[in-house]
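Residue numbers begin at 1 in each chain, while the letters A, B, ... track the order of the sequences. Both backbone and side-chain heavy atoms feed into the values below; hydrogens, waters and symmetry mates do not. The model shown is predicted, which means the values in this text are computed figures rather than measured ones.
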There are 2 protein chains.
Amino acid sequence: MLKDRSPTRIQKKNRAAILEAALEVFSAHGFRGATVDQIASQAGLSKPNLLYYFPSKEAMFTALLSELLDTWLDPMREIDANGDPLEEILAYVQRKLQMSRDYPRESRLFANEIVQGAPRMLEALSTDLRDLLAEKEAVLTAWMAAGKINTTHPKHLMFSIWALTQHYADFDVQVRMLMEPEDPFDAAPEFLETLYRRMLTPTS
Amino acid sequence: MLKDRSPTRIQKKNRAAILEAALEVFSAHGFRGATVDQIASQAGLSKPNLLYYFPSKEAMFTALLSELLDTWLDPMREIDANGDPLEEILAYVQRKLQMSRDYPRESRLFANEIVQGAPRMLEALSTDLRDLLAEKEAVLTAWMAAGKINTTHPKHLMFSIWALTQHYADFDVQVRMLMEPEDPFDAAPEFLETLYRRMLTPTS
DNA sequence: GCGGGATTTGACCAACTGGTCAAACTCACG
DNA sequence: CGTGAGTTTGACCAGTTGGTCAAATCCCGC
């Protein structure tokens with residue numbers, strides 16, 4: 001039986017290996033489509049051994065989600081209310097795009113879950129994400145009121161950034177198929193910078 | 001045994017009921033997550049009866065995809081090379097947004113499939129969608145060359161329209177959760193019109 | 001090097017799932 | 001009507017899946 005003392009060396013290594021394997025499999029097949037056997041073989045462990053470290057498949061999934069959500073929201077946290085408004089937003093867009101390039105599995109994990117109604121994630125989203133969005137929405141609104149950036153609906157502005165950047169990770173196969181042999185990430189940064197610069201530069 | 005003569009009244013009704021139920025269930029749970037029993041009970045038929053009309057779960061899914069893909073691409077087909085460039089694009093964005101509002105299940109069906117690598121759809125996409133995109137890309141390029149709209153990467157422009165409009169259907173739960181009690185579709189049309197107007201209006 | 005907790009696993013189980021099939025039922029039409 | 005094709009289904013099957021468990025093995029501090 002696994003006690004909840006401070007984790008041993010082996011526990012740390014195996015839990016990490018399991019979560020890494022779970023990310024690989026869950027992001028590719030969704031919760032229902034993934035099997036514990038797949039995760040086990042991906043992690044190089046036996047199925048009963050996985051269930052020694054996590055009480056259930058569900059527990060692996062939620063552990064993975066809560067471990068990743070924080071990292072996933074970091075680019076938004078870094079938006080600095082005291083920086084130059086337009087440059088702050090453009091930098092946020094680029095950070096988010098970078099996340100799609102570097103961590104597409106994480107993006108697809110969340111996408112899979114939300115498309116299906118986020119049954120296991122809605123609670124986390126409705127606290128962490130909601131609070132963070134409210135905070136940054138206030139920053140955007142202040143910038144708009146001060147005439148630093150063009151006025152628009154701040155929430156839809158944020159949604160648009162998420163949609164555009166995550167699209168390159170979530171719909172990767174489609175985008176790559178339509179762009180081959182080019183790499184979508186070659187032109188995407190410039191495209192998005194141009195788009196948001198034109199969108200937000202104040203028309204004095 | 002089901003012959004491939006012209007369909008009887010009953011065949012038409014039941015095939016339609018099955019595909020409607022399949023759309024409901026597949027779009028909510030993905031291919032792997034959906035069960036034939038679920039589809040059967042949603043359609044008000046018995047499981048063996050479904051398998052009388054379709055040889056397998058896979059066949060229901062692919063029948064559904066090929067039936068819907070055409071409709072899904074219609075808004076893009078309607079882009080008129082002889083219309084006013086900016087207005088044509090803005091109208092396309094609105095048609096696509098309307099699709100997300102009126103047919104969110106279709107959007108999520110495709111999203112589910114593409115996020116997971118589009119294993120059963122890549123072939124259709126790589127012919128129908130690829131050809132259509134190539135055609136409309138040429139139109140966009142001509143408009144840009146003629147100075148009718150601002151110059152950007154035409155493929156990324158199309159991707160951005162898909163990403164932004166489908167986001168409201170695919171991530172519906174998240175968007176609604178963050179906007180409640182407002183309806184996202186109230187402000188979305190205006191937001192997207194403003195965005196693409198600013199993005200594409202030629203800077204003479 | 002040994003004792004006991006930590007870790008690992010083969011064997012197993014019950015539930016579920018896609019699919020089959022023969023028998024029953026229904027319906028259109030002569 | 002009656003009859004044969006079209007339609008429906010209860011019972012069933014084999015493979016898969018999440019999860020259990022007792023026994024075996026490993027590993028660390030003494």
Practice task
Tell me whether the OP1 or OP2 atom of D/dG6 has a side-chain N or O from B/Q11 closer than 4.0 Å.
Solution key: no

Practice task
Identify which nucleotide among D/dC21, C/dG19, D/dG10 has an atom closest to any side-chain atom of B/S56, counting heavy atoms from C-beta outward.
Solution key: C/dG19

Handout entry: Geometric class of the A/H167/A/F171 ring pair [parallel <30°, tilted 30-60°, perpendicular >60°]
Key = parallel

Completion exercise
Whole-Å distance, A/K13 NZ to D/dC28 P, equals 11 Å

Practice task
Please check the phosphate of C/dT17 (OP1 and OP2 only) for any side-chain N or O of A/R32 closer than 4.0 Å.
Solution key: yes

Practice task
Take the protein atom CZ of A/F54 and the nucleotide atom C1' of C/dT8, then report the distance between them rounded to whole Å.
Solution key: 16 Å

Exercise for the section: May I have the distance from A/K57 (atom NZ) to C/dA15 (atom P), rounded to whole angstrom? Expected result: 18 Å

Handout entry: Carboxylate-amine/guanidinium contact A/R130 B/E180, below 4.0 Å
Key = yes

Completion exercise
Here the distance between atom P of D/dT17 and atom CG of A/L50, to the nearest Å, is 14 Å

Exercise for the section: May I ask you to evaluate whether A/N49 reaches the phosphate of C/dT7, defined as a side-chain N or O under 4.0 Å from OP1 or OP2? Expected result: no

Handout entry: B/Y103, OH atom: more than 12 neighbouring heavy atoms under 6.0 Å
Key = no

Exercise for the section: Take the protein atom CD1 of A/I18 and the nucleotide atom C1' of D/dG18, then report the distance between them rounded to whole Å. Expected result: 15 Å

Practice task
Give the intermediate values and the outcome of side chain to side chain contact (heavy atoms under 4.5 Å, CB included) for residues B/F185 and B/R176.
Solution key: CA-CA 10 Å; B/F185 287 98; B/R176 294 200 115 86; 4.2 Å; yes

Practice task
Give, ordered by number, those residues of residues 33-41 of chain A having at least one heavy-atom distance below 4.0 Å to an atom of DNA chain D; if nothing qualifies, reply none.
Solution key: A/A34, A/T35, A/V36

Practice task
Please state how far atom CZ in B/F31 lies from atom C1' in C/dT17, giving the value in whole angstrom units.
Solution key: 12 Å

Practice task
Could you tell me whether the side chain of B/I89 reaches within less than 4.5 Å of the side chain of B/I161, counting heavy atoms only?
Solution key: yes

Problem - Carboxylate-amine/guanidinium proximity below 4.0 Å for A/R105 and A/E20 - result: yes

Practice task
Starting from P on D/dA11, measure out to CG on B/L51 and report it in whole angstrom.
Solution key: 18 Å

Practice task
Count the heavy atoms of every other residue, nucleotide or ligand shown that sit under 6.0 Å from CD of B/E78, and state whether that count exceeds 12.
Solution key: yes

Distance-only criterion, 3.5 Å: show the donor-acceptor pairs between side-chain atoms of residues 64-73 of chain A and protein atoms not counting sequence neighbours.
| residue | atom | partner | partner atom | Å |
| --- | --- | --- | --- | --- |
| A/S66 | OG | A/T62 | O | 3.4 |
| A/S66 | OG | A/A63 | O | 3.3 |
| A/D70 | OD1 | A/R77 | NH2 | 3.4 |

Practice task
Anything under 30° is parallel, anything over 60° is perpendicular, the rest tilted; go ahead and classify B/Y168 against A/H156.
Solution key: tilted

Exercise for the section: Could you tell me the separation between the CZ atom of A/R15 and the C1' atom of C/dT7, rounded to a whole number of Å? Expected result: 15 Å

Polar atom pairs (N or O), protein with nucleotides 26-30 of chain C, under 3.5 Å:
| residue | atom | partner | partner atom | Å |
| --- | --- | --- | --- | --- |
| C/dA28 | OP1 | B/R9 | NH2 | 2.8 |

Practice task
Tell me whether the OP1 or OP2 atom of D/dT8 has a side-chain N or O from B/N14 closer than 4.0 Å.
Solution key: yes

Problem - Phosphate OP1/OP2 of D/dT7: any B/Y52 side-chain N/O under 4.0 Å - result: yes

